[in-house]
Amino acid sequence: MSGHKIALLPGDGIGSEVIDASLQVLDKAAQRFGFTLNYTRFDWSCDTYLRTGRMMPEDGIEQLRKSNSILLGAVGWPQKVPDAVSLHGLLLPIRKAFDLYVNARPHKLLAGVTGPLRAEAFDILCIRENTEGEYSGAGGRVHVGTPEEVAVETSVFTRRGVERILRYGFEQARKRSRRLASVTKSNAQKHSMVFWDEVTEQVARDYPDVSVTRYHIDAIAARFVMQPETLDVVVASNLFGDILTDIGAAIQGGLGFAASANVNPNGGVPSMFEPVHGSAPDIAGRGIANPLATIWSAALMLDHLGESAGAAAILEAMSRVTAKGNVKTPDQGGRATTSEVAAAVAAELS
Ligand code: NAI
Ligand code: MG
């Protein structure tokens with residue numbers, strides 16, 4: 001029997017509610033598919049910061065390194081700790097320490113869920129570069145506060161960075177429909193994005209079985225809405241991927257469904273799985289948060305750990321629950337609790 005060590009980081013607000021809910025489902029999947037999950041729970045949060053002056057202990061990264069994967073709820077409680085502090089104290093150091101350069105987000109309309117579009121089917125895997133590009137942080141300001149003030153923010157694209165994210169995209173395309181969309185703005189950004197196009201062409205030679213289409217960011221944003229069925233795997237830079245995944249999340253029915261994986265495909269370090277939503281202070285503590293985004297993230301985690309049958313079964317179980325439509329949290333117009341939705345998904349697994 002295979003065993004996996006999972007670090008749980010519930011974080012703040014609804015984080016612990018959605019993590020607890022996902023454990024009901026994970027345990028059921030483990031039981032049914034014959035693997036074990038050993039959890040270590042790290043209650044690092046904004047409260048930890050108020051108590052100790054740090055979001056996580058000094059050796060936090062080393063503690064996490066012992067696990068095979070990290071499942072995270074949400075981090076942040078702006079009334080207690082400024083977001084910039086909590087984000088830079090916990091989430092970003094983890095992504096950086098383990099070089100989690102892939103941010104993968106499946107955008108799929110589950111059965112019975114009505115998104116804002118008339119689209120019958122919507123199923124796109126967005127792959128966002130997670131470490132460089134427009135969010136590299138390179139830049140500065142001079143003459144601050146004067147009429148001559150200048151602000152410069154430099155995008156950084158490296159061959160290593162662009163090539164590895166594209167390669168991951170091609171690998172995913174091979175597992176899906178063998179269609180890959182590469183997103184740039186190479187008509188306007190003639191250095192970095194032309195470079196991205198060139199690397200796309202070079203990497204594509206290693207994947208002759210995958211067909212590649214290049215889109216400009218503005219055109220593909222429209223295509224997400226108008227012709228989503230023409231897209232399957234979409235690879236984009238940090239900024240473009242950030243924007244596209246919000247569109248994708250909206251079309252799939254909102255934050256209650258949007259799941260994400262922060263992955264280092266080379267292995268040897270834990271990858272991190274988390275819902276896209278935050279700690280939702282407005283509903284925290286009431287047991288009404290939609291757990292599906294976290295359950296979906298947990299399924300992505302299982303898939304990454306090699307438990308693909310368990311992962312697929314969880315997705316199917318979620319779809320059966322949404323298709324029936326009688327157990328829904330208030331954000332979906334229902335009256336069920338977080339735990340009731342998780343229990344319904346777990347029940348579909350047996
Ligand atoms: P949010 O995602 O926490 O909430 C936005 C709105 O969506 C709220 O009305 C909330 O009730 C609702 N919502 C979110 N998740 C839901 C769920 N599972 N079920 C039902 N309704 C849900 O974003 P907000 O309010 O901007 O941020 C709150 C805190 O979370 C901040 O500290 C922010 O920095 C942090 N945050 C953390 C993220 C992370 O850990 N990756 C991501 C986004 C925000
Ligand atoms: Mg975003």
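First listed ligand is number 1; within each ligand, the first listed atom is number 1. Just the heavy atoms: all of them, side chains too, but no hydrogens, waters or symmetry mates, feed the values below. All of these numbers come straight from a predicted model, not from anything done at the bench.
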* **Residues R214 and T184: side-chain donor-acceptor under 3.5 angstrom** => no

* **Partners meeting salt bridge (Lys or Arg N to Asp or Glu O under 4.0 Å) with E348 (sequence neighbours left out)** => R320, K324

* Would you confirm whether S211, through its side chain, and R179, through its main-chain N or O, come within 3.5 Å as a donor-acceptor pair? => no

* Does one side chain, of S177 or D232, offer a donor that lies under 3.5 Å from an acceptor on the other? -> yes

Any protein N/O atoms within less than 3.5 Å of an N/O atom in ligand 1? List the atom names and distances, or say none.
residue, atom, partner, partner atom, Å
ligand 1, 2 (O), G278, N, 2.7
ligand 1, 3 (O), G278, N, 3.4
ligand 1, 3 (O), S279, N, 3.2
ligand 1, 3 (O), A280, N, 2.8
ligand 1, 9 (O), D282, OD2, 2.8
ligand 1, 11 (O), D282, OD1, 2.8
ligand 1, 11 (O), D282, OD2, 3.1
ligand 1, 18 (N), H277, NE2, 3.3
ligand 1, 18 (N), N290, O, 3.0
ligand 1, 19 (N), N290, N, 2.9
ligand 1, 30 (O), S279, N, 3.0
ligand 1, 30 (O), S279, OG, 3.4
ligand 1, 32 (O), D83, OD1, 2.6
ligand 1, 34 (O), D83, OD1, 3.2
ligand 1, 34 (O), D83, OD2, 3.0
ligand 1, 40 (O), V75, N, 2.9
ligand 1, 41 (N), E274, OE1, 3.1

* Does the side chain of S192 come under 3.5 Å of the side chain of S155 through a donor N or O and an acceptor N or O? -> no

* **E17 side chain to G285 backbone, donor-acceptor under 3.5 Å** => yes

